[in-house]
Amino acid sequence: MDAKHRIDIATPLLDWYDRHRRDLPWRAKPGETVDPYRVWLSEVMLQQTTVATVRPRFTDWTRRWPTFADLAAAGEGEVMAAWAGLGYYARARNLLAAARMIAAEHGGRLPDTEPALRALPGFGDYTAAAVAAIAFGRRAVVVDANVERVVARLFAIDVPLPAARKPIRAAADTITPAVRAGDFAQAMMDLGAAICTPKRPRCLLCPLNHACAAQAAGTPEAYPVRKPKAARPHRHGTLFWLQRGDSVLLERRPDKGLLGGMRALPTGPWSERPPLLADAPADADWRILDEPVTHGFTHFTIDLAVAVAHTGAASNKGEWWPVDRLDEAGLPTVFAKAADVVRRRA
DNA sequence: TATGCGTGGGC
DNA sequence: TGCCCAAGCAT
C-alpha cells in the first residue's frame, strides 16, 4: 500500500481519544510529566491482566515503592508476597531484577530506546515499544491483543493467529503516526477495550468505522481468526495442612515453574489420579477433608484433596506461619482457597 | 513456532 | 456452568 492511498487512522483516533480517554492512575493527565517507573510498572501489571484488577494493586504498590530506587532496595520475599494474587509470578521476579539492573547499570533511570529496553528482563516486543512510546514519546509500533484485534478488523486480515502477527504488525506500522505515538498506542487500546470489543463490537460508536474493512463486510466479530485451542487436561493431587499449635507449615516453591518463588502449602505430585498421601511432609495422622479444592490454571484444571494433621514435632524445612495471619503470607489463589476450606471443614 | 505460565470477569 | 479472553514473556 503506497503512502498516497493510506487511510489516515491517527487523526480521528486521537480526536476520539482526547474526548474519551480513561482516567487511570498510571496515566499522566494532559500537561503532566509522565513517570517512566509508573508507566513500566503499569505495563507489567497489565500483561494478561484486566484494568479493574490492576488499578488497586498499582495504587498499593506505588505507595509502598514509589520509585525505582525503592523497589531496587526491596527484598525478593516481600516483592513476591506483594504480587500474590496477580498471577504470572515471573513478572514480579523480572520486575525486581530489572529494577536492580537499572539502579546498578543505568544510573537509576530506565533506558529510553526500544532496543535498550528490550534487553531488560521482562521486556518483550510489546512492553519495550509501549514504554518507549508512552514514557519517552518515541515512535514505536505497539501491538498488544487490543491492537491485534483492531488492526485485524480494519484490514480484514484473515490469516489465523499466531501467523497473523507479522502482517498485523506491518499494517499497524502503516497507521502509526510520528507524533503522539504514546497517545496513539493508548488510544488503540482504549478503543479495543471500549468499542472494538471481542464480542458485540460497538461499531456505530467507532471513530474508525468509515475505514474498517470488517465492518464494511458486516463481520467484525470474525476477526482476528484464531486456531482452535486444545482441551485443558484435568489433574489431581494432594495438599497438606500440617498444623503445630496455632501455626501451619508453609514452603517456598522453586523459582522456576508453576507458582515459582511463591510461598505455598506443601503438595504431593500432581497427576492423572489422586496420589493421596504420597510426599506428605511428615508422618502424622492425616485426615482427608470431604471437600477438595478445585482450581483452574491457564493450561489445566486440578482437584486437590486436602490432608490435615497436627504435630508436635519441629520441621527442618519450611516455616511455621500463624494461622490467624495467613492473609499476610502472600499465598497464590489456589492455596488461599485451601485455607478457606480448612477453616470451614477442619 | 509451540508450550508453560495465574487469575478474575463476562456471557 | 464452562468457556473465552485479557496492556505477554521466556524458552
Side-chain angles (χ1 to χ4, degrees), chain A residues 22 24-27 38-58 80 83-95 97-98 117-135 140 142-150 159-166 169 172 182 184-194 196-201 221 224 226-235 253-262 264 270 294-302 330-337:
Chain A
R22 289 178 287 180
L24 300 170
W26 47 87
R27 220 171 237 186
R38 295 168 69 87
V39 171
W40 167 47
L41 176 63
S42 72
E43 289 302 338
V44 174
M45 283 190 169
L46 287 162
Q47 287 166 10
Q48 303 289 287
T49 309
T50 59
V51 167
T53 297
V54 167
R55 195 194 286 260
R57 303 297 298 262
F58 178 88
M80 297 310 290
W83 200 270
L86 274 174
Y88 287 145
Y89 298 100
R91 294 185 292 174
R93 279 199 305 283
N94 288 331
L95 189 71
L117 290 165
R118 186 71 176 76
L120 292 168
F123 279 81
D125 288 341
Y126 164 76
T127 304
V131 171
I134 298 168
V142 181
V143 183
D144 75 324
N146 287 298
V147 176
E148 278 179 2
R149 186 171 58 255
V150 172
V159 180
L161 286 169
R165 297 250 154 78
K166 192 171 288 187
R169 190 190 185 286
F184 179 80
Q186 293 178 91
M188 289 286 276
M189 295 189 274
D190 276 16
L191 188 77
C196 196
T197 48
K199 305 290 180 191
R200 299 174 58 88
E221 249 185 58
R226 297 178 193 278
K227 290 208 291 195
K229 291 183 180 173
R232 284 196 297 183
H234 189 71
R235 296 182 186 164
R253 294 175 63 85
D255 272 344
K256 291 190 184 294
L258 189 76
L259 308 175
M262 299 301 288
W270 293 3
T294 63
H295 192 69
F297 292 99
T298 307
H299 49 296
F300 66 92
T301 59
I302 189 161
L331 292 178
T333 299
V334 63
F335 302 115
K337 281 186 185 175

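So you know, we letter chains A, B, ... as the sequences are listed, proteins then strands, and number each from 1. Since the structure is predicted, the reported quantities are computational estimates derived from the model, not experimental observations.
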message: Please tell me if His295(A) has a side-chain N or O lying less than 4.0 Å from either OP1 or OP2 of dT7(B).
response: yes

field: Atom-to-atom span, CZ of Phe297(A) to P of dG8(B) - whole angstrom
entry: 11 Å

message: Under a 4.0 Å threshold between the charged nitrogen and the carboxylate oxygen, would Asp125(A) count as salt-bridged to Arg165(A)?
response: no

query: Minimum heavy-atom separation for Ala98(A) to Trp40(A), with atom names?
result: CB-CZ2, 3.7 Å

message: Please check: side-chain N/O of Arg118(A) versus main-chain N/O of Phe123(A), any donor-acceptor pairing under 3.5 Å?
response: yes

Enumerate all atom pairs, one protein N or O and one N or O from nucleotides 1-4 of chain B, separated by less than 3.5 Å.
none

message: If the condition is side chain to side chain contact (heavy atoms under 4.5 Å, CB included), which residues does Ala145(A) pass it with, not counting sequence neighbours?
response: none

message: Measure NZ/Lys337(A) against P/dG6(B) and give the value in whole Å, please.
response: 14 Å

query: Which is it for Asn146(A) and Met188(A) under the side-chain contact (heavy atoms from CB on, under 4.5 Å) test, yes or no, and what are the steps along the way?
result: CA-CA 7 Å; Asn146(A) 287 298; Met188(A) 289 286 276; over 6 Å; no

field: Gap in Å between the two P atoms, one belonging to dA7(C) and one to dC11(B), rounded
entry: 15 Å

- line: For nucleotides 6-11 of chain C, 5' to 3', base contacts (B), sugar-phosphate-only contacts (S) and non-contacts (-) with protein non-hydrogen atoms under 4.0 Å give BBBSS-

- prompt: Atom NZ of Lys229(A) and atom C1' of dC3(C): how far apart are they, to the nearest Å?
  reply: 9 Å

Separation of atom CE in Met262(A) from atom P in dT7(B), rounded to whole Å: 8 Å

message: Applying ring-ring contact (aromatic ring centres under 6.0 Å, His included), can you list everything that pairs with His234(A), at least two apart in sequence or on another chain?
response: His236(A)

- prompt: When we call it a touch if two heavy atoms are under 4.0 Å apart, what does Leu86(A) touch: a base, just sugar-phosphate, or nothing?
  reply: base

task: Specify the separation, in whole Å, of atom CZ of Arg232(A) and atom C1' of dG6(B).
output: 11 Å

- line: In short, Ala172(A) meets Val147(A) closest at the heavy-atom pair CB-CG1, 4.5 Å

- prompt: For Arg232(A), which residues count as a salt bridge (charged side-chain N to carboxylate O under 4.0 Å, His left out) partner, sequence neighbours excluded?
  reply: none

message: My understanding is that only residues two or more places apart in sequence, or in another chain, count here; which of them pass ring-ring contact (aromatic ring centres under 6.0 Å, His included) with Tyr126(A)?
response: none

